[in-house]
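Written below as structure tokens is the structure these notes are about.
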Amino acid sequence: MAADLRVGTTGARPGAMGFLTDTTLCIGCKACEVACKQWNQLPMDNFGFTGMSYDNTGDLGATTWRHVAFIERIDDHTGRRPVKLQPFQSNWLMLSDVCKHCVYAGCMEACPTGAIIRTEFDTVVIQQDICNGCGYCVPACPFGVPELSLTDRKAHKCTLCYDRLKDGLEPACAKACPTDAIQFGPVPQLMERARKRVEELHQQGVTSAYIYGDRAVGGTGGIEGLNAFFILTAPPEVYNLPAQPELPQRRVLPAFLSTAAAALALGLAAWRALRGVK
Amino acid sequence: MMTVDTGVRRWEHRRARSVGEAAATSYYGVPPIHKAHWRWSVALYFFLGGLAGASGVIASFARLFGGREARPLVRLARYLSFIAILPAPFLLIYDLGRPERFHHMLRVVKFRSPMSLGVWGLIAASATATLNAFRQAADDGMLGQRTPLAALGRRLPDRAIAALSVGPSFFLSGYTGVLLGATAVPLWAKNALLLGPLFLCSALSNACAALSVLLRRLGPASLPLIHRLERLERVALVSELILLVALEQQSGPVIARPLRTGRLGRVRNALLSAGLALPISVHLLVGQRRGRLPEALRHIATLFVLASGFALRILILFAGHASADDPEATFVFNRRGSRP
Ligand code: SF4
Ligand code: SF4
């Protein structure tokens, strides 16, 4: 599968800032999760065990804007841990997941109040004073990012530290990452860096490495790329990411047209049935 | 750090089936997307909106094309449309949690957001439903004979407001299907083109059923008028049945899973048999026996049609939730070549 996932381009607008999250460098320390929670004053989640290896937060949500996934690779044939190590890493895959700040964002187009805006950094932010908790952005995101909080019944997600960017700082997670697995910068520059890194990985024998978030992968169907993109070494589904996500709003016009056609047909039936009752 | 109850997290929805077995191809079976929070109140809103919209359509068509004989139908349909739309804003506010949030909905108009269009459509449909009911009340003398209110009502251009309400009424009974289709939820997204028409047909059959029973009970309506209404109901019911089967077919085995298993599977079976097949058969019998069928049987069929309208919304809503919780469904939908 991964072989035909080509290193491609993104449809990012000029001046777009974003994240490159290189999962091959991630050591699963969760510094990003903690830094994000601290900077954004997010409360701790219910204390408990997910039962999913070292993952204690489970998924992205209203109070978890960075989520480190721990994917333990079990040997396909024997069902046991493989004895041979990957060239560059252990048998763990680790992914610090985050809002993708899509070039065309489903959440933003769905929002009926205009609470979700595109900032001057081309990132996608929910304005808390305007969100009315209708929750339509929640199922409209193809990546399962925003969530309604039960405390204020409003939608929350990563802001790419808009307040820090305003002051010329990099986002808290990127700042905290000890291995530079999370890099922040202008999207074209990051994409250039990502391409080089993938080439490097291929030379080191990790031929499965690719960029998730370019036009070829994770940015098709109207999304046109992600401003926060990833270097992955396994099919997207392994990381719980959709392979070819689509912008839900591309279906609005066709769906309205089909509904209008049905209305026309039913109107005709109603006219035939009710006309000229004398 | 303080602890806050954040509710049920996505990973807590893991299906026992998916854990082990799907661990190689998904993340411990955790749903890759978030489902909507919508519950019964939203299903009720969909149902009442459909009923109000379709009644509005029938009222307008009967007023514009039906002639004198159709007057009792016009009257009942206008009142039904008005009464059915009354709870809609309250259900919406109940879903949002706070009244002032409704007004945030009116900040902007967004053509790519069915939620935004829907609020404006609801307002337009409420306005035309109110105008129509107002005119009708004036005609019926409910506002008094010589009061200024009655005079005002009688001055409303009857045919014009009837014509005006066709658009918003159709919109109100169909847009909710588009709203569901424009999400990342596999079952809804896959059937984006079918949901609007399906909701329209169901709304029309509901309205026809309710109105024909009201006409029989409250009269005075000629039997031919009732039979015409029942013919329309038949068309709507048969189309609904076809669309529902088509929806299940084109979803494919994985995405359609929630429609076939468990409690929702039973809802779907009841819907197909008691909600659609049974009323259609009763209709055919009525057609053959020229209306000589026990009154009770008709009433039961009507009741079943109305119940099926609500059951359809419940089924589509909660089956959507279940498909959003199923990683396999999301992944299947998001592979190129599997989309409509
Ligand atoms: S990943 Fe989801 S929440 Fe983030 S910008 Fe894209 S659609 Fe919006
Ligand atoms: S929950 Fe808030 S941000 Fe999300 S769509 Fe509704 S108003 Fe917009």
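Lettering follows sequence order; numbering is per chain, from 1.
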Worksheet item: Using a cut-off of under 4.5 Å for heavy-atom pairs, which of Ala262(A), Cys131(A), Ser258(A), Gly135(A) has the most such pairs with chain B?
Response: Ser258(A)
Practice prompt. Rounded to the nearest 0.5 Å, what's the gap from CG on Leu229(B) to CG on Leu274(A)? Could you check?
Written response: 6.5 Å
Worksheet entry | pair His37(B)-Val138(A): side-chain heavy atoms closer than 4.5 Å | no
Item to complete: Heavy atoms only, distances under 4.5 angstrom: which of Cys208(B), Ser239(B), Ser113(B) has the most pairs with chain A? Name it, please.
Response: Ser113(B)
Fill in: Side chain proximity check, Val30(B) to Met52(A), heavy atoms < 4.5 angstrom
yes
Worksheet item: Could you walk me through whether Glu147(A) and Lys35(B) pass the salt bridge (Lys or Arg N to Asp or Glu O under 4.0 Å) check?
Response: CA-CA 9 Å; Glu147(A) 190 189 43; Lys35(B) 64 181 168 202; over 6 Å; no
Worksheet item: Which answer fits Cys134(A), side chain, backbone, both or neither, if we ask what part of it has an atom under 4.5 Å from a heavy atom of chain B?
Response: both
Worksheet item: Given the options Cys137(A), Ala261(A), Ser53(A), which has more heavy-atom pairs under 4.5 Å with chain B than any of the others?
Response: Ser53(A)
Worksheet entry | Contacting moiety of Cys111(A), where chain B heavy atoms sit under 4.5 Å | both
Worksheet, complete the sentence: Interatomic distance, OG1@Thr113(A) vs CE@Met115(B), rounded to 0.5 Å, equals 10.0 Å
Worksheet item: Do you know the tightest heavy-atom contact between Tyr28(B) and Glu72(A)?
Response: OH-N, 3.7 Å
Worksheet item: How far does CD of Gln244(A) sit from CZ of Arg335(B), to the nearest 0.5 angstrom?
Response: 10.0 Å
Item to complete: Could you tell me which portion of Arg231(B) (side chain, backbone, both or neither) has an atom closer than 4.5 angstrom to a non-hydrogen atom of chain A?
Response: side chain
Practice prompt. Give, for atom CG of Leu96(B) and atom CZ of Arg153(A), the distance between the pair rounded to the nearest 0.5 Å.
Written response: 7.0 Å
Worksheet item: Do other residues, nucleotides or ligands put more than 12 heavy atoms under 6.0 Å from the CZ atom of Arg272(A)?
Response: no
Practice prompt. Report the relative orientation of the aromatic rings in Trp271(A) and Phe65(B); use parallel for angles under 30°, tilted for 30 to 60°, perpendicular for over 60°.
Written response: perpendicular
Worksheet item: To the nearest 0.5 Å, what is the distance between CG (Leu193(B)) and CG (Leu257(A))?
Response: 9.0 Å
Item to complete: Verify the distance criterion only: is there a donor paired with an acceptor across the side chains of Tyr136(A) and Ser116(B) at less than 3.5 Å?
Response: no
Worksheet item: Checking heavy atoms, do the side chain of Ala36(B), its backbone, both or neither come under 4.5 Å from chain A?
Response: both
Worksheet, complete the sentence: So, the part of His156(A) with a heavy atom under 4.5 Å from chain B: the answer is neither
Item to complete: Name the region of Leu247(A), side chain, backbone, both or neither, that has any atom closer than 4.5 Å to a heavy atom of chain B.
Response: side chain
Discussion item. Would the distance check show the side chain of His34(B) and the main-chain N or O of Leu148(A) forming a donor-acceptor pair, the cut-off being under 3.5 Å?
Written reply: no
Discussion item. Any heavy-atom pair between the side chains of Gln249(A) and Phe111(B) that's under 4.5 Å?
Written reply: no
Item to complete: May I ask you to name which of Val109(B), Leu243(B), Leu106(B), Leu179(B) has the most heavy-atom pairs under 4.5 Å with chain A?
Response: Leu179(B)
Response to the item:
Rounded to the nearest 0.5 Å, the OG1 atom of Thr259(A) sits from the CG atom of Leu198(B) at a distance of 10.0 Å
Item to complete: Measure distances from Val57(B) to the heavy atoms of chain A and classify the residue's part below 4.5 Å as side chain, backbone, both or neither.
Response: neither
Worksheet item: Do Asp55(A) and Tyr27(B) have side-chain atoms, one donor and one acceptor, less than 3.5 Å apart?
Response: yes
Practice prompt. Pick one of side chain, backbone, both or neither for Ala263(A), based on which atoms fall under 4.5 Å of a heavy atom in chain B.
Written response: both
Item to complete: For Arg251(A) and Thr183(B), indicate whether the former's side chain and the latter's backbone hold a donor-acceptor pair under 3.5 Å.
Response: yes
Worksheet, complete the sentence: If one checks every heavy atom of Ile58(B) against chain A at 4.5 Å, the contacting part turns out to be both
Worksheet, complete the sentence: Scanning both residues in full, the closest heavy-atom pair of Val108(B) with Gly114(A) reads CG2-N, 3.9 Å
Worksheet item: Does atom OH of Tyr104(A) have more than 12 heavy-atom neighbours from other groups under 6.0 Å away?
Response: no
Discussion item. Any heavy-atom pair between the side chains of Arg101(B) and Lys154(A) that's under 4.5 Å?
Written reply: yes
Worksheet item: What closest approach, in Å, do Pro139(A) and Trp38(B) show between heavy atoms, and which atom pair accounts for it?
Response: CG-CH2, 4.4 Å
Worksheet item: Taking the side chain as C-beta and beyond, is there a heavy-atom pair between Val119(B) and Pro112(A) under 4.5 Å?
Response: no
Worksheet item: So do the side chains of Cys141(A) and Ile33(B) get within less than 4.5 Å of each other, counting heavy atoms only?
Response: no
Worksheet item: Would you say Pro32(B) and Leu241(A) make side-chain contact, with heavy atoms under 4.5 Å?
Response: no
Worksheet item: Less than 4.5 Å apart, any side-chain heavy atom of Leu117(B) and any of Phe256(A)?
Response: yes
